[in-house]
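Numbering of ligands and ligand atoms starts at 1, following listing order. The analysis underlying the following values was restricted to heavy atoms, covering all of them including side chains, and did not include hydrogens, waters or symmetry mates.
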Amino acid sequence: MMRLPKFSYRVPRKIVETVKIMADVGPEGQFVAGGTDLYPNMKRRQQTPRTVISVMRLPELNQISGDGKSGINIGASITLTDICDHPLINQDYPVISQAARTISTPILRNMGTIGGNLLLDTRCNYYDQNYEWRKGINFCLKKDGDICWVAPGSSKCWAVQSSDLVPVMVAIGAKLRFASTLGERVIDAAGLYNDDGIDYLHKRPDELLVDIQLPPTNGWRASYRKLRRRGAFDFPVLGVAAFVKTSTSGTVEHARVVLGGIAPAPIEVLEAGRQLIGQALTEERIQAAAEAAYVKARPLDNTDFVNNWRKQMTREYTIRALTDLKSVC
Ligand SMILES: Cc1cc2nc3c(=O)[nH]c(=O)nc-3n(C[C@H](O)[C@H](O)[C@H](O)COP(=O)(O)OP(=O)(O)OC[C@H]3O[C@@H](n4cnc5c(N)ncnc54)[C@H](O)[C@@H]3O)c2cc1C
Ligand code: SF4
């Protein structure tokens, strides 16, 4: 049985107290929400904070406010189950609950939060193993080693951004609000992720995610399609989020296709958007956008399934995600 290392556990009730504790403990500290990612990582000695600071008792992080007309703010500690069940999110942002329902299992969704999901550690077959397994291969660049087993000539880690909600948040243009002792900042979801499996977030470790701000639903539609081995639960080995806003005549005015689960950061396929904008969402345009997504996708051999097949599936899953939108445009 894998055991957690020793750590001290703090449960602050105010944001100002939370960020102060983090500033005081420095690099030895880490926030925890549901712990469904952090605690397994600690058991595997991938992350070893000496002080763990719970964000579950902070009122601002446990509320949902607003509506589709003005945009909804979702506190970072809202559980995935609450996201799936929330009437307004289901009604106005069905793509969010659709993607959240595909995450792990009902039990894990009762614990796991939207904030934890958006800040998930990157994943790799050579990394998501217990300490002894990793020691057996002399570790790897991401933790304790000096080689990447996926791309041995590479000085970069290619561990994969494997959250289901990340490509969706990027596609719909969500914003994220962070707090620290230095103050607050709000950034676009697209600006948070870095294409490096080790340094995967454009965020300082002391920054607390407070809430996620969804844009007003002024006529746009979005869809998410996920490739995984088991339908019951599995991380995505490819996720495609598609976003389209059409004019009253049916012409596409804005479009985004974002790929998840194949690189250290989500990938917006700009060419796919270009193939759609200014035209009706026809099968021909969808095929052209899907081809652009296929060309852009370069999955590596560090998760489930053969990478060339995952690349082929990018075309198919982009078609499916965009066709979902065709039926509602
Ligand atoms: C068996 C299994 C299957 C899974 N399947 C999926 C899947 O299919 N799809 C998927 O997307 N995920 C999956 N997950 C991952 C995980 O369960 C979810 O992503 C979950 O939403 C993580 O949320 P959490 O609250 O448990 O995160 P935690 O483990 O609490 O935290 C995750 C990270 O976020 C940081 N953090 C959390 N909250 C904050 C905050 N407010 N501010 C700053 N930092 C914060 C933590 O420090 C940590 O680094 C799976 C996990 C398991 C164990
Ligand atoms: S991509 Fe390479 S460095 Fe990164 S976790 Fe996998 S084996 Fe390690």
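Side-chain contact, Ser247 with Ser249: a donor N or O sits under 3.5 Å from an acceptor N or O.
Of the polar atoms of Glu207, none of the N or O atoms is found under 3.5 Å from an N or O of ligand 1, judged by distance alone. At least one N/O-N/O distance between Asp164 and ligand 1 falls below 3.5 Å. In terms of N/O distances under 3.5 Å, ligand 1 is not approached by Tyr39.
Heavy atoms of Ala159 come nearer than 4.0 angstrom to ligand 2 in at least one pair. Contact between Gln47 and ligand 1 is absent, with no heavy atom of the residue lying under 4.0 Å from the ligand. Heavy atoms of Arg109 stay at 4.0 angstrom or farther from ligand 1. Ligand 1 lies out of reach of Ser77, whose nearest heavy atom is not under 4.0 Å from it. Not a single heavy atom of Pro40 sits less than 4.0 Å from an atom of ligand 1.
Summarising the geometry, atom CG belonging to Leu214 is positioned 7.0 Å from atom CD1 belonging to Ile89; distances are rounded to the nearest 0.5 Å.
Hydrophobic clustering (side-chain heavy atoms under 4.5 Å, transitive across Ile, Leu, Val, Met, Phe, Trp, Tyr) groups Met169 together with Phe178.
Counting backbone and side-chain atoms alike, Cys157 contributes no N/O/S atom closer than 2.8 Å to atom 2 (Fe) of ligand 2. Inclusion of Cys124 in the first shell of atom 6 (Fe) of ligand 2 is supported: an N, O or S atom falls under 2.8 Å.
Considering Phe178, Phe233, Phe31, Phe235 only, the shortest heavy-atom separation from atom 47 (O) of ligand 1 involves Phe31. Across Thr18, Thr113, Leu58, Thr105, heavy-atom proximity to atom 21 (O) of ligand 1 is greatest for Thr113. Closest heavy-atom approach to atom 3 (C) of ligand 1 within the set Pro236, Ser104, Gly261: this belongs to Ser104.
At least one test fails for Lys311 against the ring of Trp309: distance under 6.0 Å to the centre or angle within 45° of the axis.
Exactly one of Glu60, Glu184, Glu207 qualifies for a side-chain hydrogen bond (donor to acceptor under 3.5 Å, both in side chains) with Arg177. That residue is Glu184.
Neither the backbone nor the side chain of Gln161 has any atom closer than 4.0 Å to an atom of ligand 1 (non-hydrogen atoms only). Contact annotation: for Ala33 versus ligand 1, heavy atoms closer than 4.0 Å belong to both the backbone and the side chain. When non-hydrogen atoms are compared, ligand 1 lies under 4.0 Å from neither the backbone nor the side chain of Arg228.
Judged by distance alone, with hydrogens and angles left aside, the side-chain atoms of Asp67 form a donor-acceptor pair with the main-chain N or O of Ser70 at under 3.5 Å.
Residues Asp121 and Gln47 have side chains in contact (heavy-atom distance under 4.5 Å, counting atoms from C-beta outward). Leu201 is not listed as a side-chain neighbour of Asn194, based on a closest heavy-atom distance of 4.5 Å or more.
In this structure, atom 20 (C) of ligand 1 lies nearest to the protein heavy atom Thr36 OG1, 3.4 Å.
Aromatic ring orientation, Tyr131 versus Phe139: tilted (interplanar angle from 30° to 60°).
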>> Before you tell me yes or no, could you show the steps for Arg225 and Asp324 under salt bridge (charged side-chain N to carboxylate O under 4.0 Å, His left out), namely the whole-Å CA-CA distance, both residues' side-chain angles and the distance that decides it to 0.1 Å?
In response: CA-CA 9 Å; Arg225 289 288 185 142; Asp324 290 342; 2.9 Å; yes
